Asker: 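Structure below; questions to follow.
Order of the sequence lines sets the chain letters (A, B, ...), proteins ahead of strands, with each chain counted from 1. These figures come from a predicted structure and were not determined experimentally.
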There are 2 protein chains.
Amino acid sequence: MDVKQSRKYTVKEISALAGVTVRTLHLYDRIGLLKPSYRTEKRYRLYGEKELLRLQQILFYKELGLPLAEITDILEDPDFDLVKALEGHRKALESRKERITEMLATIDKTILNLKGKMNMTHEELYAGLPKEKATAWQKFAREKWPLQMKHSEQTLLKMSKEQFSKLQEGFKANIVALATLLHYAPESPEVQNEIAVHYQYIQQFWGRPENIGEAYKGLGQLYVDEPLYTTVNGVANPDFAVFMKAAMDYYVDTNL
Amino acid sequence: MDVKQSRKYTVKEISALAGVTVRTLHLYDRIGLLKPSYRTEKRYRLYGEKELLRLQQILFYKELGLPLAEITDILEDPDFDLVKALEGHRKALESRKERITEMLATIDKTILNLKGKMNMTHEELYAGLPKEKATAWQKFAREKWPLQMKHSEQTLLKMSKEQFSKLQEGFKANIVALATLLHYAPESPEVQNEIAVHYQYIQQFWGRPENIGEAYKGLGQLYVDEPLYTTVNGVANPDFAVFMKAAMDYYVDTNL
DNA sequence: CTATGCTATGACCTAAGGTAAGAGTCAAAT
DNA sequence: ATTTGACTCTTACCTTAGGTCATAGCATAG
């Protein structure tokens, strides 16, 4: 006849049955959300079917995202206005969702923005090169100097608009200055001064890894291999490419 | 010439300029996210333009929902992969949004379920009674017998559809049975048997396992006051109302 | 010189547990 | 009977991003 004399469950059993941790049961006990039907002599918690059922209820409401305090109220007070609570909670969730949607939009915009900046920069850096070649170069460079490329991207992406356009302009001016020095010897102090500036700019893109000298030389080689890289005011200039490579090689060999 | 010697800002000023609290600045200082450019003799924080700019950056990333620790990494480590971080964060946000969408769906289902059953309960218990009168009576009863009347929505929610419609049908049959006993005395065992069933049904509709005698009597009074309320086969029947009230009163007085 | 406003530090608080330490307990195997 | 391994207990610190005091020192205008 003792219907209530049914099965008793330990914390472990309950946790396995309901898919919660023991810690959770301890917590729920402490905050009075789910108390064991009784304790043993040694204060072991023992739960009955009733508590198991209540836990299911709790988990249901928890799945709705309700805070434990509110769940306690719901389960404790039979007169709790459940519909009102749910509708209020609904509104809160709705605005949270909206907020996330906004964040997603901003993130997408940011990522696009960043990628756009990357392209711009690379176009600037490898001006005159057809897009597919630029891409090929990027792929090549990424394989050969992965660290530099990564650094370059990170650096550019985090730059503010002002910083970025200043960098662009400065770099362009530097190239122009170098072009006007074409009749100087690549090893001349005038050229080497300007090359030092050029190197600084490149370094800003690439950071300062160990093999930057080699990579910098590689860039010079690229100028020669792809004359399109060295286009000043829309006019390709193979002589300039050779000049640059010589100046860059010299710079690396004597300064680094 | 000292470009860097520009303006210095106190915490209050920065907080006003950037729309954050002073506490936030303290926190950012402590976790190394935004340190003042220097401190005065008396350890007052002073920020420069650079820090103000950095704070803007911080707030931007914060708006994206990035945790402060990650923002620190982004701003501190030039090799931090921003795009990857943003894309990862995007995914996390996406799944959080999805989770909320699920919650909303579940909540809507639950509210609908609850409202449906409440309406049905309303229709069964106060059939024929205009809604405003029913509401008025509920309000009255709620105040008069707060512990008895306010029915637990919990109970309704827990009921399965089958259980609920069984309850509905049983109640309807019970009313019909009582109507056929109209020529018996309200105190007669035949009527009292059926009233006992009626009482149980009301108890279930109100979701109350405990004694609701007083409220139950109040319901009987309502029957009399609002004869429309007691319809038999869709026809209002004042005699039935009086009969019911007598039977209900007697039941409560002798059994509870 | 003082009233008032600004600042600094430290402490405790939030939600829902995670993680761990230290100690006691239970049941089965030795 | 004892040991071992699994289980349980409580206590307490940790997490986020600050909010909200409390206490005390500093600054500035009247």
Asker: Output the rounded distance in Å from CD1 (A:Ile71) to P (C:dG17).
Answerer: 9 Å
Asker: Any idea which heavy atoms bring A:Glu51 and A:Gly48 closest together, and the distance?
Answerer: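 Smallest interatomic distance, heavy atoms only, reads OE1-N, 2.8 Å.
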Asker: For A:Ile58 and C:dG17, give me the distance from atom CD1 to atom P, rounded to whole Å.
Answerer: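 Spelled out: CD1 on A:Ile58 to P on C:dG17 is 11 Å.
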Asker: Within the 4.5 Å heavy-atom criterion, are A:Leu25 and A:Arg45 side-chain neighbours or not?
Answerer: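 The answer is no, as the side chains (C-beta and beyond) never meet within the 4.5 Å cut-off.
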Asker: Rounded to whole angstrom units, what separation is found between the CG atom of A:Leu59 and the C1' atom of C:dA16?
Answerer: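 So the two atoms are 13 Å apart, to the nearest Å.
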Asker: Once you round it to whole Å, what is the distance between P of C:dT7 and OH of B:Tyr47?
Answerer: 10 Å
Asker: Is the phosphate of D:dT8, meaning OP1 or OP2, less than 4.0 Å from a side-chain N or O of A:Thr10?
Answerer: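 For D:dT8, OP1 or OP2 has a side-chain N or O of A:Thr10 closer than 4.0 Å.
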Asker: Output the rounded distance in Å from CD (A:Glu41) to C1' (C:dC26).
Answerer: 14 Å
Asker: Using a 4.0 Å heavy-atom cut-off, write out nucleotides 9-20 of chain D from 5' to 3' as B (base contacted by protein), S (sugar-phosphate only) or - (no contact).
Answerer: SB-B----SBBB
Asker: Between A:Lys8 (side chain) and A:Tyr47 (backbone), is there a donor-acceptor pair under 3.5 Å?
Answerer: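 No.
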Asker: Quick one: are B:Phe171 and B:His198 in side-chain contact, heavy atoms under 4.5 Å?
Answerer: yes
Asker: A:Ile31 CD1 to C:dA16 C1': how many Å, rounded?
Answerer: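 Taking atom C1' of C:dA16 as the reference, CD1 of A:Ile31 is at 8 Å.
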Asker: Roughly, in whole Å, what's the span from CG in A:Leu34 to C1' in C:dA16?
Answerer: 15 Å
Asker: Are any of the side-chain heavy atoms of B:Ile100 and B:Arg96 separated by less than 4.5 Å?
Answerer: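 No; the side chains remain at least 4.5 Å from each other.
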Asker: Using a 4.5 Å cut-off on heavy atoms from C-beta on, say whether the side chain of B:Tyr61 contacts that of B:Leu82.
Answerer: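 Heavy-atom side-chain distance check passes, below 4.5 Å.
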Asker: In whole angstroms, how far is the P atom of C:dA16 from the CG atom of A:Leu64?
Answerer: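 So the two atoms are 14 Å apart, to the nearest Å.
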